[in-house]
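In what follows, a single structure is set out as structure tokens and then discussed.
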Amino acid sequence: RTGTPLRGYTFRSRTFRTIRRRAGALSALPLPLPYPYLEGLDWVVQRERTGEGYGSIYLRGELRQGRGFPGYYLWASLYKMPLGTLAMSIAGLVGLGLALRRGVSLQHEWPLIIPLIFFGVYFNFFYRAQIGIRYFLVAMPLLYVLASRVASSVRRRRQFVPITLAVVWSWGSMLSFFPHFLPYTNELIPDRRLAYRVFADSNLDWGQHVWYFERYMAEHPDTIVEPAGPTPGTIAVGVNALTGVAGEPDRFRWLRDHFTPIDHVAHAVLLYRISPGDLRRVQP
């Protein structure tokens, strides 16, 4: 259906309905776009503005309904980017600042800088669907190219050493999560079982763990999966249920406040071993 005019669409979001209304006679002109392309943008805007399709927003132990956290994606990047890559990126940005102070022309860099500023401001302070760093990935290639200024400025062998270490560190850190790359977190979270204390949602769980968890349950059939209340035994709870991103926020408060997971399944399901005595100590 390429060529469908604006008036031929059934829009969901207020934004696109407003655009069509204000277009006037232009809404009759055929658009050089496949129908699903514009329809998809409309759906994205509708879900992002209304919260339809995603639950609560969670960051650093705090759960919010209907509003997010300023700087959410900066926090996510701090923990989700390999530290070597993060160091190179920061060095590249600092180098840009120093170049500007010295009056160096940045005519080749502006096509990267301007969209990077836009994405940084928009996603961190205006975008409402703060449910995972995947939305902010659009900014990463721009940042990486700017970070390459650091490597391209190397003139001496001793300058090459820290860059090599940064690259090797990034690769090693990433490969240490093999084959579970989606829930990757860097060394600022030394205990990977506790990553849920920083963030959850698709930062850790986007359904990628299901096959691994089914295999785990086949090998450990006595495990109790997300019990309705405080229960002794080996307990398995998904990070989104534990944090309240999905389901009732207070359902697993007894676990969050009193117990530490002993293991995980693909970083998305946490395992606890709780004895009857443990429960008696934390409950009247």
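One-based numbering along the sequence shown.
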Polar side-chain atom of [X] near backbone of [Y] as donor-acceptor pair, under 3.5 Å:
X	Y	result
Thr50	Gln46	yes
Arg273	Ile262	no
Thr231	Gly229	yes
Asn124	Tyr73	yes
His220	Tyr216	yes
Asn186	Leu188	yes
Ser275	Asp278	yes
Lys80	Tyr184	yes
Asn240	Ala246	no
Ser173	Ser170	no

Using every non-hydrogen atom in the two residues, find where [X] and [Y] come nearest and quote the distance to one decimal.
X	Y	value
Pro232	Ile224	O-CD1, 3.5 Å
Pro183	Ala266	CG-O, 4.0 Å
Pro221	Ala218	CD-O, 4.0 Å
Ser56	Gly244	OG-O, 4.1 Å

Looking at [X], I'd like to know if its [atom1] atom is crowded, meaning that more than 12 non-hydrogen atoms belonging to other residues, nucleotides or ligands lie closer than 6.0 Å.
X	atom1	result
Phe160	CZ	no
Tyr122	OH	yes
Arg14	CZ	no
Phe181	CZ	yes

* Asked: Do we see a donor-acceptor contact under 3.5 Å between the side chains of Ser202 and Arg134?
  ->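 Indeed, the side chains of Ser202 and Arg134 share at least one donor-acceptor pair under 3.5 Å.
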
* Asked: Quick one: do the Thr85 and Tyr144 side chains pair a donor with an acceptor below 3.5 Å?
  -> no

* Report whether Leu112 and Ile114 are members of the same hydrophobic cluster (ILVMFWY, side-chain heavy atoms less than 4.5 Å apart, transitive linking). =>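 Linked, Leu112 and Ile114 end up in one cluster.
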
* Should Ile131 and Val44 be counted in the same cluster of Ile, Leu, Val, Met, Phe, Trp and Tyr side chains packed under 4.5 Å apart? ->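 Shared cluster, no.
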
Within the 4.5 Å heavy-atom criterion, are [X] and [Y] side-chain neighbours or not?
X	Y	answer
Phe252	Thr243	no
Tyr58	Arg64	no
Leu6	Phe11	yes
Arg21	Thr18	yes
Tyr127	Tyr72	no
Leu59	Gln130	no
Leu242	Tyr272	yes
Tyr9	Leu31	yes

* Using 30° and 60° as the class limits, which term best fits the ring planes of Phe123 and Phe119: parallel, tilted or perpendicular? -> tilted

* Run the salt bridge (charged side-chain N to carboxylate O under 4.0 Å, His left out) check on Glu62 and Arg60 step by step: do they pass? -> CA-CA 6 Å; Glu62 183 181 350; Arg60 302 176 71 206; over 6 Å; no

* To do: Please round to the nearest 0.5 Å and tell me the distance separating atom CZ of Arg17 and atom OG1 of Thr10.
  => 11.0 Å

* According to the ring pair (Phe, Tyr, Trp, His ring centres under 6.0 Å) rule, which pairs have a member within residues 195-215, sequence neighbours left out? ->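 Only His180-Tyr212 qualify under ring pair (Phe, Tyr, Trp, His ring centres under 6.0 Å).
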
